[in-house]
Amino acid sequence: MMRTLPVFGLALLSALAYADNNALPAAPPSLPPEQSSAVLAEGSEKANPSERSLLHSLGLLEEAVGLFEAPKMPATPPPAGLFGVYMVPKGKFVVNYLPIWWHFQGLQSGTGSINPAQAATTVPAYNAGGNLKERILPTQAEASAQLLAGMYGITNYLNVILMPSYVSKNSSYVTYKGASGATALGAGSVAASGVGDTYASLQLKLYEGYNQELILSWGISFPTGSITQNADFLAPNGKMVNGRMPYGMQLGDGTYDGLPMLAYTGNYEHLAWGVMTRARLPLQSYNSQGWRMGNQYEGTGSGWATSLFRHCSAQRCVLPALRKTASME
């Protein structure tokens, strides 16, 4: 952290030194000879009494408040895009708040995009049989999850994490008339919110050295989120009906899931990087409603660089320039 108050003191002290050559002694009695010679090394032989007094002021100020001493900066933290790479020391407890937002728009069939009218004439209705096509099609959806993670350090290399969640979802849709065709009846939206699934995991640091870390995590997802959320829809016959919302609009998935994760991070000076892979694997064949989500896999790589301002604030960027200026004739 840059200290700003001593800068005012530097300006004031320098002004006093120039105003009164006898305000400060010619040599700092409190400094050892080698430090005194270092402070006055540049131009001290040719400097007039006012300049020598200013150089002396700088030396006293440096000794008194450590203005130009480089503070010990922490290692560059891992990139923010990596999840689960932070650990706490033994005996420490930390609570983190993690908000997440998603936005989805458009429909996709295979690798290509299609519009709702195309889907209404080509995509068979799920679990309906015959020639019935999909009649209620989403156009966009938004979701958010508020996660509160409590982390405790069992050892410096083993953490336990408990993370409940609160989930909100909403989706817009368009309804098409009858059993087939592309005649739109109208549009609407549905929403659901409440407690989501709860996550618990053990996080193990497998390796630490040379500014690099390798972290392994294994967790369990507990099915605390509802999977029986209903909503009112505009039906293909033009009436409003109450029915079960799609799987993606439920607040949980209804199964116990395994949550493996492996992450590698590294840093060098003001650069940091990392890669992470994780999965969500259902441990049951079906939930209480007779379905389950598929396996989910995720891979992430990220890197960043800290600013030059931090570099200069942590190094001796100011003092040499001031000393050089002070020694100029």
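- Residues Met293 and Tyr297 do not share a hydrophobic cluster, defined by chaining ILVMFWY side chains whose heavy atoms lie under 4.5 Å apart.
- Two different hydrophobic clusters hold Val94 and Ile154 under the rule that ILVMFWY side chains link at heavy-atom gaps under 4.5 Å.
- In this structure, Ile220 belongs to a hydrophobic cluster whose other members, linked by side-chain heavy atoms under 4.5 Å apart, are Trp218, Phe222, Tyr256, Leu283.
- Heavy-atom minimum distance, Leu107 versus Ala119: CD1-CB, 4.1 Å.
- Put simply, CG on Leu162 and OH on Tyr152 are 14.5 Å apart, with the number rounded to the nearest 0.5 Å.
- Phe93 and Val160 fall within a single hydrophobic cluster, where Ile, Leu, Val, Met, Phe, Trp and Tyr side chains are chained together by heavy-atom contacts under 4.5 Å.
- Between Val195 and Pro164, every side-chain heavy-atom pair lies at or beyond the 4.5 Å cut-off.
- Counting all heavy atoms, side chain and backbone alike, Val85 lies closest to Ala263 at CG1-CB, 3.5 Å.
- The OG atom of Ser221 lies 11.0 Å from the CG atom of Leu281; values are rounded to the nearest 0.5 Å.
- Residues Phe233 and Met245 are in side-chain contact: their nearest non-hydrogen atoms beyond the backbone lie under 4.5 Å apart.
- Considering only heavy atoms from C-beta on, Gln203 comes within 4.5 Å of Ile215 through its side chain.
- Taking a 6.0 Å sphere around NZ of Lys177, one finds it holds 12 or fewer heavy atoms contributed by other residues, nucleotides or ligands.
- Here Asp197 pairs with Arg280 under the side-chain hydrogen bond (donor to acceptor under 3.5 Å, both in side chains) rule; sequence neighbours left out.
- In terms of heavy atoms, Gln284 sits closest to Arg292 at O-CD, 3.0 Å.
- Remark: the backbone N or O of Gly248 is paired with a side-chain donor or acceptor of Lys169 at under 3.5 angstrom.
- Atom OH of Tyr210 sits about 15.0 Å away from atom OH of Tyr268, to the nearest 0.5 Å.
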Stepwise side-chain contact (heavy atoms from CB on, under 4.5 Å) check, Asn170 with Ser189: CA-CA 7 Å; Asn170 66 79; Ser189 64; over 6 Å; no
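- Counting heavy atoms from C-beta outward, Arg244 and Thr228 have side chains that approach closer than 4.5 Å.
- Contact annotation: the side chain of Ser180 never approaches that of Thr121 to less than 4.5 Å [non-hydrogen atoms, C-beta and beyond].
- With rounding to the nearest 0.5 Å, the separation of CZ in Arg278 from CE in Met261 is 8.0 Å.
- To the nearest 0.5 Å, the span separating OH on Tyr176 from CD on Glu134 amounts to 12.0 Å.
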Tyr86/Asn159 under side-chain contact (heavy atoms from CB on, under 4.5 Å): CA gap, chis, key distance, verdict: CA-CA 10 Å; Tyr86 297 91; Asn159 283 188; over 6 Å; no
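- Between Leu259 and Ser217, the closest side-chain pair of non-hydrogen atoms is not below 4.5 Å.
- Of all the heavy atoms in Gly254 and Pro223, the pair that sits closest is C-CB, 3.6 Å.
- The backbone N or O of Gly110 lies less than 3.5 Å from a partner atom in the side chain of Gln108, making a donor-acceptor pair.
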Going by atom type alone, with no hydrogens or angles, which donor-acceptor pairs under 3.5 Å involve a side-chain atom of residues 141-149 and a protein atom two or more places apart or on another chain?
unit_1	atom_1	unit_2	atom_2	d
Glu142	OE2	His103	ND1	3.2
Gln146	OE1	Tyr97	OH	2.4

Check against side-chain contact (heavy atoms from CB on, under 4.5 Å), Leu234 and Tyr173: CA-CA 9 Å; Leu234 175 62; Tyr173 69 89; 3.8 Å; yes
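- Under the 4.5 Å side-chain criterion, counting only non-hydrogen atoms from C-beta, Gln229 is not in contact with Met249.
- Looking at heavy atoms from C-beta onward, Lys92 lies out of side-chain contact with Met151 at the 4.5 angstrom threshold.
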side-chain contact (heavy atoms from CB on, under 4.5 Å) evaluation trace for Thr122 with Lys133: CA-CA 7 Å; Thr122 60; Lys133 306 301 181 183; over 6 Å; no
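- In this structure, Leu137 is not a member of the same hydrophobic cluster as Tyr247, with clusters built from ILVMFWY side-chain heavy atoms closer than 4.5 Å.
- Of all non-hydrogen atoms in Val275 and Gly301, the two that sit nearest each other are CG1-CA, 4.1 Å.
- Both Met163 and Trp102 are assigned to one and the same hydrophobic cluster, defined by single-linkage of ILVMFWY side chains at heavy-atom distances under 4.5 Å.
- Between Pro116 and Val174 the shortest heavy-atom distance is CB-CG1, 3.9 Å.
- Summarising the geometry, atom CG belonging to Asn267 is positioned 8.5 Å from atom CD belonging to Gln212; distances are rounded to the nearest 0.5 Å.
- Around atom CZ of Phe104, more than 12 heavy atoms belonging to other residues, nucleotides or ligands sit under 6.0 Å away.
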